Amino acid sequence: MLQHLSCSWVMCSWLLSMEAKWYCYLLLSLVDVEANFLVVKAYQNTSMTSVMLLDCWAIPCVLVLTWVFLKTKYGLMKISGVVICIVGVVIVVFSDVHAGDRAGGSHPVKGDFLVIAGATLYAVTNVSQEFLVKNADRLELMSFTGLFGAIICAIQISIFERGALKAIDWSTGTVLSYLVIALGVFLFYSLLTVLLKTYGAAMFTLSLLTSDMWAVLIRNFAYHEKVDSLYYLAFATTAIGLIIYSMKEKDQEKQIGGEVIDEQRKLFDEEDGESMRDSLIGAPT
């Protein structure tokens, strides 16, 4: 009995010492889980080309959300980097169409709406994570989103995916595949917090555009599927856009840092001038 009370006391004290409210992490985990769920369902209903194109909807959503809620300012160079990245993704779509990847899926309209909904939720998740990682504790964010996310996934699977769960053949290869996926997701979310704290949600969302291109590359070398020559141009275009966006952010940080230093120097000079003036006034003639 005392052991249970002590554990409860430790848990309560931990919850009270959190820098952010626990229900913020719960809502964030719920949005993140549903975003992943919607995009996975979209792949079952529409083509990969449509998912790649409509997934770009997350970019303007992130820009608007960070501008409204985080007061992030975007200059001409940043917007140019975003446009170049989107052009790269459009080239990927054209390369798929040119190569004959015209599979429309079983329910393309339904799949397209699922992608748009998932991309919107991804934008909300990325902006919320940027706010929490900069105003709360990074380890706290990773711990509670992982905890609440696992609980939400378990509840959702037990309700909607019971048939698929029972149909799984739990062989050695299947278990190893799930372990590899779990390791990849763990590394992804661990590095995600570092990227969000350093560059922000907009840079992270733009970087995710290259995931579709890596998927095409894996299709070529792992599954020996044909890749159109436009893919390489698209990859280079998106990489250039990311470099332009990243360089502009670093320049702005240097500019902001320089302005802060100049203000501090100006303040110190004013204080030194006032102290010198007071000493001269107070000095005997």
Side-chain angles (χ1 to χ4, degrees), residues 17-36 54-87 89 116-145 148-149 188-210 238 240-268:
S17 62
M18 291 172 57
E19 297 188 19
K21 301 296 183 180
W22 64 270
Y23 53 81
C24 294
Y25 297 116
L26 176 61
L27 294 175
L28 177 60
S29 302
L30 178 61
V31 174
D32 189 43
V33 169
E34 299 309 320
N36 288 281
L54 295 174
D55 194 37
C56 299
W57 172 250
I59 298 175
C61 292
V62 167
L63 296 180
V64 172
L65 290 174
T66 52
W67 177 65
V68 173
F69 295 102
L70 302 183
K71 308 302 180 183
T72 304
K73 297 180 179 179
Y74 296 100
L76 181 61
M77 288 296 293
K78 282 190 175 183
I79 296 176
S80 300
V82 171
V83 172
I84 293 174
C85 288
I86 295 176
V87 169
V89 176
I116 294 174
T120 304
L121 293 182
Y122 273 138
V124 175
T125 300
N126 295 339
V127 175
S128 301
Q129 287 176 334
E130 179 184 353
F131 175 79
L132 290 172
V133 80
K134 291 181 178 179
N135 296 276
D137 184 64
R138 184 168 66 93
L139 181 60
E140 182 180 290
L141 171 65
M142 295 172 58
S143 302
F144 281 96
T145 51
F148 290 132
F188 171 77
Y189 279 97
S190 299
L191 297 175
L192 165 64
T193 56
V194 179
L195 183 59
L196 288 175
K197 190 171 184 178
T198 306
Y199 292 103
M203 180 63 180
F204 168 72
T205 307
L206 291 173
S207 301
L208 285 182
L209 295 180
T210 59
T238 304
I240 292 173
L242 290 174
I243 292 173
I244 292 175
Y245 188 94
S246 178
M247 290 177 60
K248 185 58 181 176
E249 279 201 344
K250 291 179 180 179
D251 292 340
Q252 282 188 345
E253 288 176 0
K254 291 179 181 179
Q255 182 179 359
I256 293 173
E259 292 177 355
V260 172
I261 293 174
D262 292 338
E263 291 180 359
Q264 291 178 349
R265 287 178 178 175
K266 183 178 180 181
L267 180 61
F268 290 151

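All of these numbers come straight from a predicted model, not from anything done at the bench. Side chains included, hydrogens not; waters and symmetry mates left out as well; all remaining heavy atoms used.
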List the steps and the verdict of side chain to side chain contact (heavy atoms under 4.5 Å, CB included) for K21 and L26. CA-CA 9 Å; K21 301 296 183 180; L26 176 61; over 6 Å; no
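- Smallest separation of non-hydrogen atoms from T72 and W67: O-CD1, 3.4 Å.
- In this structure, the side chain of T66 engages the main chain of L63 through a donor-acceptor pair within 3.5 Å.
- Applying the 6.0 Å contact sphere to CZ of F188 captures more than 12 heavy atoms from other residues, nucleotides or ligands.
- From M142, atom CE reaches atom CG of D137 across 10.5 Å, with rounding to the nearest 0.5 Å.
- To the nearest 0.5 Å, atoms CG (L139) and CZ (F144) are separated by 9.5 Å.
- Note: F204 CZ to T198 OG1 = 13.0 Å, rounded to the nearest 0.5 Å.
- Taking CD of E130 as the start and CG of L65 as the end, the distance is 10.5 Å to the nearest 0.5 Å.
- Counting only heavy atoms from C-beta outward, the side chains of L196 and K134 never approach each other to under 4.5 Å.
- Considering only heavy atoms from C-beta on, T193 stays 4.5 Å or farther from Q129 through its side chain.
- Across all non-hydrogen atoms, the minimal contact from L121 to A35 is CB-CB, 3.6 Å.
- Not one N or O on the side chain of D32 forms a donor-acceptor pair closer than 3.5 Å with the backbone of L28.
- For the atom pair L30 CG and F148 CZ, the distance stands at 11.5 Å (nearest 0.5 Å).
- Closest approach of A58 to A119, counting heavy atoms only: CB-O, 3.5 Å.
- Note that CD1 of I243 and CD1 of I84 are 10.5 Å apart. Values are rounded to the nearest 0.5 Å.
- Contact check for Y122 versus T205: no side-chain heavy atoms found under the 4.5 Å cut-off.
- Of all heavy-atom pairs between Y25 and L132, the closest is CE2-CD1, 3.9 Å.
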